[in-house]
Each structure stands twice: as C-alpha cells, then as structure tokens.
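Written out below as structure tokens is the structure these notes cover.
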Amino acid sequence: MSETAKIILGEKEYELPVITGSGGEKAIDITKLRDLTGHITMDIGYKNTGVTTSAITFLDGELGILRHRGYAIEDLTEKASFLEVAYLLLHGDLPNKAQFHEFDEDVREHTLVNEGLEGMFKAFPTGSHPMGQLSSMITALSLFYPKSLNPNRPEDAVNRTVLRLLAKMPTICAMIYKKRNGHPIIYPKNNLDYVTNYLNMTFGQVSMDHYHPDPVVVDAMNKLLILHADHEQNCSTSTIRMVGSSQANLYSSIGAGINALWGQLHGGANQQVLEMLEVIRQDGGDVKKWIIKAKDKNDNFRLMGFGHRVYKNFDPRAKIIKKTCDDVLNKLGVYDPVLEIAKKLEEAALTDPYFVERKLYPNVDFYSGIIYRAMGFPTDFFTVLFALGRLPGWISQWQEMRKQKQPIARPRQIYIGEKPRKFKFMQDRD
Ligand code: SDX
C-alpha cells in the first residue's frame, strides 16, 4: 500500500501520493495539486520544495552525510582522484582501469582551447573579477562549437561537448590567472595528470624548464576539487537544471551556473570568508566582538562560511578541509595568522546559543580559502576553484535532467498587485 498525504480544503479532502527516496527521505507529490484543488503551494527560496528525483548525490543535513552515487565523501577524498570522481558522477560508477584510461585519454585530447578565445582577454578590464571572465569564456565556447548549440544531438556528440568542457575548464582557469598577472599563458602538457596539468598551467613559467608542484599541493587540490564536485540541488546546480530545461546548450547552461555560484551567499562565500578574516585580523583579532556583530539583527555582518540550508550539523566537507588546511600549512611551512582567527571564531560560535539554536556550523567555504591562499591563489580567484571542482557535478545534473526528459521549468506565483484598472490618457492623469 503506497503512502499518501491527505489535504483538507473547506469541505473537500484530497489524497496525494508520497514519494520515498532510497535514503528514506519523504516528499508529497503535488504534481496534480492545481488540477485537483485549484491551489498551488508557496515556498519562498524552495526551502521545502523538491524539484526532481536524482541518483547522483545524497545529503543528510541532520547527520552531516554526503555521498556521491553511494560512495561516502570521506572515502572519495582519501582514495580517489578528482578525475575518477568526475567519471563516477557522469557515468554512475567508479571506472575500472580500462574505462579510466579511455576517459583520461579523451579528456587529454581536448585540453587546448581555440586561440581566438585568448582575444577575449583584450576586452576584459585589467583586474576584472575572474568569475565574470570565466562565465564569459565558458559561454563563448558555444560560439566556437556551433554544432553544440543543439543539445538534442546524438549522445556521442553531446559526450564530446562534455569532454571538451571538462578538458578546457582548467586551461581557461589557468589562462585567466596568467592574464591577470600579465604573464604569458602556459599550454597544457598532456603527459601530466589532470590536477598537475592545471597547477602547471597556473604556476609554471615559460622561463622554467620544469615546474614540479609540491605533491602536498597536488594532493590538497585533488581533495578540494573532489569536495566541491557536486552537492545535489544547490543554487547554481538548480540554475543549470532550469536553464538546461529550456533546451539551452550545455556551455550556456554551465555559464549560467558559474554566475549563480559567484553570489556571496553561495560559492562567493569562500572569498568573503578570507576578506572577513582579514578585517577581523586588522581590527585586532577580537573574535568575541565579531560574534556579537554576527548575532546583532541591526548589523548586516554575517559570519561568512557559517550556516547552510541543508546541513544542520557539521558540513562533512568542512571537517575534511580543516584537517587538510592544517596538513598543507604545516607541510608548506606556511604560518597564516587568519587560520588561528578562523579556529577561534569556530570555537566561539560552536558554543554560542545563537549559533547552536540555529544549527549554524562551518560550511565548505570556511577553511577552503586559507588553503587556496597558502597555495598562492589571490582571494578573488577562490570561487573559480569552486567552479572548477563543481563542473562534473553540474554536467552530471544537467545530463540527468535531460535523460529524465523533464519539462521546461516554469514556477507559478500568487499575484498581489493592482486589481483591473481603466486606462487614462496622460492629459487625464492627476
Ligand atoms: C555554499 O546549497 C548548497 O549546497 C551550497 C553549497 C554547495 O556546495 O553548493 O554547500 C555551497 O553555498 C555554502 C554556503 C556559503 N554561504 C555562506 O557561508 C554565507 C553565510 N551563510 C548564510 O548566509 C546562510 O547560512 C546560508 C545562505 C548559507 C543559508 O541561509 P538560509 O538557509 O536561507 O538560512 P537563513 O538565512 O534563513 O538563516 C536562518 C537564521 C537567520 O536568523 P533568524 O532570522 O532565524 O534569527 O540563521 C541566521 C539568519 O540570520 N544565520 C546567520 C548566518 N547564517 C544564517 N547568522 C549569522 N551568520 C551566518 N552566517
């Protein structure tokens, strides 16, 4: 007997089906609600609204659990490479040796970008934000591959677009970094693995014979990219699914997701965290004073990197990043005073009733920026690294939405404006 929910409206009672997920989550299926009752639901910010079923990522916000295709994030960060996790998200299981070799080779084949793309840098104002550059360049890829504009092409053609995106994203991210420093770009080297190649294109120099990134940095970057790889229906992923539902091409859907991620309440938070920690440091490091400000409703200061729509327990990613942060800074021999401030803030917040009652814990963005800074990235580049990690998740969610043949996303509203009015010509208006 399948579970149902009863709704009573006036004298009438309606029964709606209940959907149960493989993790035990429950949803009342309101697909037929308007036809049955003439009512829609209201849920500002979709805090209680499921927009799809999905087999990619499972989150349990109360228990702080994150799994991709059934594999725990703790296992994936410890035992897999980022490219393996990208394969897992896209294909549904971890690759065997032959599958990984083919995938790795396919990606290597597409790492170069059309030289015409480099011309775009002439239009970007010097020092302009890397996220604006990234979304422009990723959307511009669709102009270089006109056949990709039709997402309804055969699967192998769409897969080529997927491979091009995965392969060219690191190259474009590195180009943005180089151009902002006024340095010549470093081309991809296809004898390097995905992450080492990215670090070489970023930190290598034409004047160097060889650039050997510190294995500590390569390992930490692998972990960080895996930790950002997917996170079910977050703001940017939902944006991509919505844009993709109009049958926009994959490049423009990903460009839209990059723009959504840029927001400071979402992926832009990692940049805000570092800027916040710097302000607190320069203000003398009085953590208590800033905790009070974060709680003061008349003060628009928020503790950036804290709180989460889903996690009402520790964000499992924050725990892993905090440990990685300690490891990387110790092994690189970097002392960053803001790390101590971050730890004191965390300690103070986790015992403060305001944060405890609202279940506000450090999220993925709280410590990540400290590692990125230790690696040598400028603060306004951190969200680009978030996007680089999130790309395989975004693509897998876009592919899933298309495979599910979902209709164009078009939410409803409740109108609260003027009632019908008679038009008056300008000379008759008061
Ligand atoms: C990411 O969705 C995802 O999965 C996102 C992400 C992913 O991987 O894709 O995990 C990545 O975006 C992480 C979040 C990064 N953003 C920040 O760190 C910005 C700071 N955090 C907040 O702005 C906030 O916590 C959000 C945006 C993350 C969540 O906001 P919600 O769920 O809409 O919660 P809310 O704003 O309604 O807050 C509930 C209460 C409010 O107080 P009351 O009105 O109940 O008195 O908690 C307070 C808020 O004022 N609150 C905070 C706070 N976050 C929430 N108070 C102080 N500092 C904070 N950081």
Verify the distance criterion only: is there a donor paired with an acceptor across the side chains of Asn152 and Gln247 at less than 3.5 Å? yes
Pair Asn48, Thr41 - check side-chain contact (heavy atoms from CB on, under 4.5 Å), show working. CA-CA 10 Å; Asn48 305 284; Thr41 56; over 6 Å; no
Between Asp336 and Arg373, is a salt bridge (Lys or Arg N to Asp or Glu O under 4.0 Å) present by the stated rule, with each step listed? CA-CA 9 Å; Asp336 190 339; Arg373 183 154 86 167; 2.9 Å; yes
Worked verdict on Lys319 versus Glu74 for salt bridge (Lys or Arg N to Asp or Glu O under 4.0 Å): CA-CA 10 Å; Lys319 279 186 189 168; Glu74 294 79 6; over 6 Å; no
Atom CG of Asp104 and atom CZ of Phe100: how far apart are they, to the nearest 0.5 Å? 4.5 Å
What do the steps show when you test Leu166 against Phe103 for side-chain contact (heavy atoms from CB on, under 4.5 Å), and what is the final call? CA-CA 11 Å; Leu166 282 173; Phe103 183 61; 3.8 Å; yes
Can we say Lys322 and Glu346 salt-bridge, meaning some charged N sits less than 4.0 Å from an Asp/Glu carboxylate O? yes
Pair His129, Gln271 - check side-chain contact (heavy atoms from CB on, under 4.5 Å), show working. CA-CA 12 Å; His129 201 287; Gln271 172 180 342; 3.0 Å; yes
Residue pairs passing the side-chain hydrogen bond (donor to acceptor under 3.5 Å, both in side chains) test with at least one member in residues 299-308, sequence neighbours excluded, are Lys293-Asp299
As an exercise, state the distance from CZ of Phe366 to CG of Leu274, rounded to the nearest 0.5 Å. 10.5 Å
Apply side chain to side chain contact (heavy atoms under 4.5 Å, CB included) to Ile292 and list each qualifying residue two or more places apart in sequence or on a separate chain. none
Do Thr111 and Asn190 have side-chain atoms, one donor and one acceptor, less than 3.5 Å apart? yes
So Asp193 and Tyr198, side chain to side chain donor-acceptor pair (under 3.5 Å) or not? Walk me through it. CA-CA 9 Å; Asp193 67 74; Tyr198 170 61; over 6 Å; no
Pick one: which of Tyr177, Phe377, Tyr372 meets ring pair (Phe, Tyr, Trp, His ring centres under 6.0 Å) with Phe382? Tyr372
Sidechain-backbone polar pair: Ser128 side chain, Phe124 backbone, donor-acceptor under 3.5 Å: no
Considering only heavy atoms from C-beta outward, does the side chain of Lys343 approach that of Asp326 to under 4.5 Å? yes
Please evaluate residues Glu105 and Arg108 with respect to the criterion salt bridge (Lys or Arg N to Asp or Glu O under 4.0 Å), reporting the C-alpha separation (whole Å), side-chain torsions for both, the decisive distance (0.1 Å), and the verdict. CA-CA 5 Å; Glu105 287 303 303; Arg108 287 172 200 267; 3.8 Å; yes
Rounded distance (nearest 0.5 Å) linking atom CG of Leu143 with atom OH of Tyr145: 11.5 Å
Rounded to the nearest 0.5 Å, what separation is found between the SG atom of Cys173 and the CG atom of Leu385? 7.0 Å
Within the supplied structure, the quantity of interest is the number of heavy atoms (other residues, nucleotides, ligands) at a distance under 6.0 Å from His91 NE2; does it exceed 12? yes
Pairs where residues 350-363 contributes a residue and the test side-chain hydrogen bond (donor to acceptor under 3.5 Å, both in side chains) is met, not counting sequence neighbours: Lys295-Asp352, Lys297-Tyr354
Would you say Asn249's side chain and Asn150's backbone share a donor-acceptor pair under 3.5 angstrom? no
How far does CZ of Arg402 sit from OG of Ser253, to the nearest 0.5 angstrom? 8.5 Å
Give a yes or no on whether Leu332 atom CG has more than 12 heavy-atom contacts from other residues, nucleotides or ligands under 6.0 Å away. yes
Hey, are Lys6 and Glu15 close enough for a salt bridge, meaning a charged N less than 4.0 Å from a carboxylate O? yes
Is there a side-chain contact between Phe144 and Lys168 in this structure, where contact means two heavy atoms from C-beta onward sitting under 4.5 Å apart? no
Can you confirm whether Gln404 is buried at CD, in the sense that more than 12 heavy atoms of other residues, nucleotides or ligands lie under 6.0 Å from that atom? yes
Evaluate side-chain contact (heavy atoms from CB on, under 4.5 Å) for Leu59 paired with Ile65, printing each intermediate quantity in order. CA-CA 5 Å; Leu59 297 189; Ile65 293 172; over 6 Å; no
If we count only N and O atoms by modelled type, under 3.5 Å, do the side chains of Glu232 and His68 hold a donor and an acceptor together? no
Have Gln406 and Ser245 got a donor and an acceptor in their side chains that come within less than 3.5 Å? no
Hey, which of Asp315, Thr383, Asn270, Ile321 is the one that makes side chain to side chain contact (heavy atoms under 4.5 Å, CB included) with Asp365? Asn270
Side chains of Thr57 and Arg69: closer than 4.5 Å at any heavy-atom pair? no
Check whether any side-chain heavy atom of Ile254 lies under 4.5 Å from a side-chain heavy atom of Ile395, and answer yes or no. yes
When rounded to the nearest 0.5 angstrom, what is the spacing between OH in Tyr211 and CZ in Phe203? 6.0 Å
Would you please say whether a donor-acceptor pair under 3.5 Å links the side chains of Lys26 and Thr20? yes
Do Asp60 and Tyr311 come within less than 4.5 Å of each other through their side chains, counting heavy atoms only? no
What I want to find out is whether Arg180 reaches Asp380 closely enough, with some N-O distance under 4.0 Å, to be called a salt bridge. yes
Asp43 and Lys47 ion-paired at < 4.0 Å: no
Please tell me whether Thr324 and Asp327 have a donor and an acceptor in their side chains that are separated by less than 3.5 angstrom. no
So does Ser136 get a backbone contact from the side chain of Thr139, meaning a donor-acceptor N/O pair under 3.5 Å? no
Look at Arg281 together with Glu278 and state whether they make a salt bridge at an N to O cut-off of under 4.0 Å. yes
Looking only at atom types and distance, does a side-chain atom of Arg241 sit under 3.5 Å from a main-chain N or O of Ser236, one as donor and one as acceptor? no
Using side-chain heavy atoms (C-beta onward) and a distance below 4.5 Å, is Lys178 in contact with Met201? no
Any donor-acceptor N/O pair, Glu340 side chain to Pro337 backbone, under 3.5 Å: no
Heavy-atom check, side chain of Val384 versus side chain of Gln133, under 4.5 Å: no
Ring pair (Phe, Tyr, Trp, His ring centres under 6.0 Å) partners for Tyr194, two or more places apart: Phe82
Thr237 side-chain N/O to Gln233 backbone N/O, donor-acceptor pair under 3.5 Å: no
CD/Glu155: more than 12 non-hydrogen atoms of other groups inside 6.0 Å: no
Does Lys32 offer a backbone N or O that forms a donor-acceptor pair with the side chain of Asp35 under 3.5 Å? no
Excluding sequence neighbours, so at least two apart, what forms ring pair (Phe, Tyr, Trp, His ring centres under 6.0 Å) with His228? Phe386
By ring pair (Phe, Tyr, Trp, His ring centres under 6.0 Å), which residues pair with Tyr367, not counting sequence neighbours? none
N-O pairing of Asp283 and Lys289 below 4.0 Å: yes
